[in-house]
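Below, read A as the first sequence line, B as the second, and so on, with proteins coming before strands; counting in each chain starts at 1.
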Number of protein chains: 2
Amino acid sequence: MALLDLMGRRMALRILWELANAPAPLTFRALQDAADTNPGVLNGRLRELRDARLVEHEADGYRLSDGGRSLLAVLLPLHGWAEAWAAAGKPSAPGRVRSPRKR
Amino acid sequence: MALLDLMGRRMALRILWELANAPAPLTFRALQDAADTNPGVLNGRLRELRDARLVEHEADGYRLSDGGRSLLAVLLPLHGWAEAWAAAGKPSAPGRVRSPRKR
DNA sequence: CGGGATCCCCGACGATACTG
DNA sequence: CAGTATCGTCGGGGATCCCG
């Protein structure tokens with residue numbers, strides 16, 4: 001699945017996430033700062049995400065496309081599963097497993 | 001998300017898929033053949049998947065665990081989304097996704 | 001047959017300098 | 001500020017050999 005290729009890349013999900021939580025479109029710099037990455041990676045990812053029509057670029061910056069938003073929506077259940085899975089997997093880890101964290 | 005790290009790896013999903021469709025547990029060789037990969041990768045992935053408790057290893061071979069099956073279930077919607085997404089995006093686009101494999 | 005060990009290659013990433 | 005170019009590094013993955 002090509003989707004996983006894309007989403008598995010270094011800052012892909014992070015970028016989508018930052019854009020999703022931004023009140024307004026983010027500039028290149030703003031994104032670079034928010035995702036804490038470098039121009040090269042950010043630029044590459046941005047290109048791929050735009051090719052995939054998951055984000056859009058306008059004069060005022062980058063924003064999620066409808067498709068991007070729908071992807072995020074589909075990703076949520078997976079995210080939930082992953083959390084439960086991770087929680088089940090590290091019962092012996094420095095135990096803060098008990099208090100479910102919400103952010 | 002660590003899940004994506006794992007699933008994004010070279011044969012992870014493929015292995016889960018092959019195991020899911022197998023009528024009975026698959027042996028190492030059978031899996032290697034089914035997924036068309038090499039011992040090194042297969043072994044590595046198998047170790048990770050076992051660590052993640054997504055697959056189980058018994059005397060008669062490898063099989064999906066309950067967790068593995070549940071993951072696959074959660075993955076289905078994503079898969080559906082990905083198909084629609086791919087279909088919408090690359091009806092005529094030059095497919096640069098995967099280069100032809102030599103065998 | 002199962003599956004570790006090895007070797008090599010290539011692409012992704014990180015950092016940063018640089019141009020418009 | 002936006003984005004590109006360059007360069008070194010690092011790790012994953014392909015192929016193979018081989019032992020238990």
Side-chain angles (χ1 to χ4, degrees), chain A residues 1-19 22-65 68 82, chain B residues 1-20 22-65 68 94-103:
Chain A
M1 182 191 308
L3 215 206
L4 281 181
D5 283 357
L6 180 52
M7 299 311 290
R9 273 180 161 64
R10 201 90 248 243
M11 281 291 161
L13 231 199
R14 177 69 174 278
I15 290 172
L16 293 184
W17 184 252
E18 297 297 346
L19 289 180
L26 294 178
T27 67
F28 190 89
R29 294 282 173 171
L31 253 179
Q32 185 180 337
D33 180 67
D36 185 36
T37 186
N38 56 20
V41 168
L42 178 59
N43 193 26
R45 216 71 344 129
L46 241 24
R47 182 191 323 279
E48 296 165 0
L49 290 173
R50 279 211 292 166
D51 280 358
R53 272 149 300 109
L54 297 177
V55 312
E56 295 166 349
H57 189 199
E58 300 172 5
D60 54 350
Y62 295 89
R63 61 188 317 221
L64 281 187
S65 71
Chain B
M1 183 190 306
L3 216 204
L4 280 182
D5 284 357
L6 179 53
M7 298 311 290
R9 276 183 160 61
R10 200 88 249 246
M11 282 290 161
L13 231 198
R14 178 68 175 279
I15 290 172
L16 293 185
W17 185 252
E18 297 296 347
L19 289 180
L26 294 178
T27 68
F28 189 90
R29 299 279 176 174
L31 253 179
Q32 185 180 338
D33 181 67
D36 186 35
T37 186
N38 56 11
V41 168
L42 178 58
N43 193 28
R45 217 69 347 129
L46 241 22
R47 177 188 330 259
E48 296 165 1
L49 291 174
R50 279 209 289 166
D51 281 356
R53 271 151 299 109
L54 297 177
V55 312
E56 296 167 347
H57 189 199
E58 300 171 6
D60 54 349
Y62 295 90
R63 51 164 357 197
L64 281 188
S65 71
R96 190 60 199 84
V97 181
R98 237 185 165 58
S99 31
R101 287 240 204 183
K102 53 166 189 178
R103 303 192 48 175

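Rounding to the nearest 0.5 angstrom, the gap separating the CE atom in A/M11 from the CG atom in A/L42 is 9.5 Å.
Of the candidates C/dC13, D/dA2, D/dG13, D/dA2 carries the atom nearest the A/T27 side chain, counting heavy atoms from C-beta on. Closest to the side chain of A/F28, from the set D/dG3, D/dC17, C/dC13, is D/dG3. With distances taken from any side-chain atom of A/Y62 to the nucleotides D/dG14, C/dG3, D/dG3, the minimum falls on D/dG3.
Computed from coordinates, the B/L42 CG to D/dG13 C1' distance equals 13 Å when rounded to whole Å. Look at CG on B/N38: it is 17 Å from P on C/dC1, rounded to the nearest Å. Across the protein-nucleic acid pair, A/Q32 atom CD and C/dC13 atom C1' stand 14 Å apart, rounded to whole Å. Rounded to an integer number of Å, the gap from B/D5 CG to C/dA12 P is 16 Å. Rounded to whole Å, the distance from CZ on A/R50 to C1' on D/dA2 is 11 Å. Summarising the geometry, the separation between CD1 on A/I15 and P on D/dG3 is reported as 12 Å, rounded to the nearest angstrom. Rounded to a whole Å, the CG atom of A/L46 is 14 Å from the P atom of C/dC13. Protein atom CG of A/N43 is 19 Å distant from nucleotide atom P of C/dC18, rounded to whole Å.
Ring geometry, A/Y62 versus A/H57: the interplanar angle falls under 30°, so the pair is classed parallel (tilted spans 30 to 60°).
Residue B/R45 is the one, among B/R45 and B/P39, whose nearest nucleotide of DNA chain D lies closer to the 5' end (criterion: closest heavy atom).
A/R10 has a side-chain polar atom (N or O) that falls below the 4.0 Å cut-off from OP1 or OP2 of C/dG14. Side-chain nitrogen and oxygen atoms of A/H57 include none within less than 4.0 Å of the OP1 or OP2 phosphate oxygen of D/dA2. In terms of phosphate contacts, B/R47 brings no side-chain nitrogen or oxygen within less than 4.0 Å of OP1 or OP2 of C/dG3. The phosphate of D/dG13 (OP1 or OP2) has no side-chain N or O of B/T37 nearer than 4.0 angstrom.
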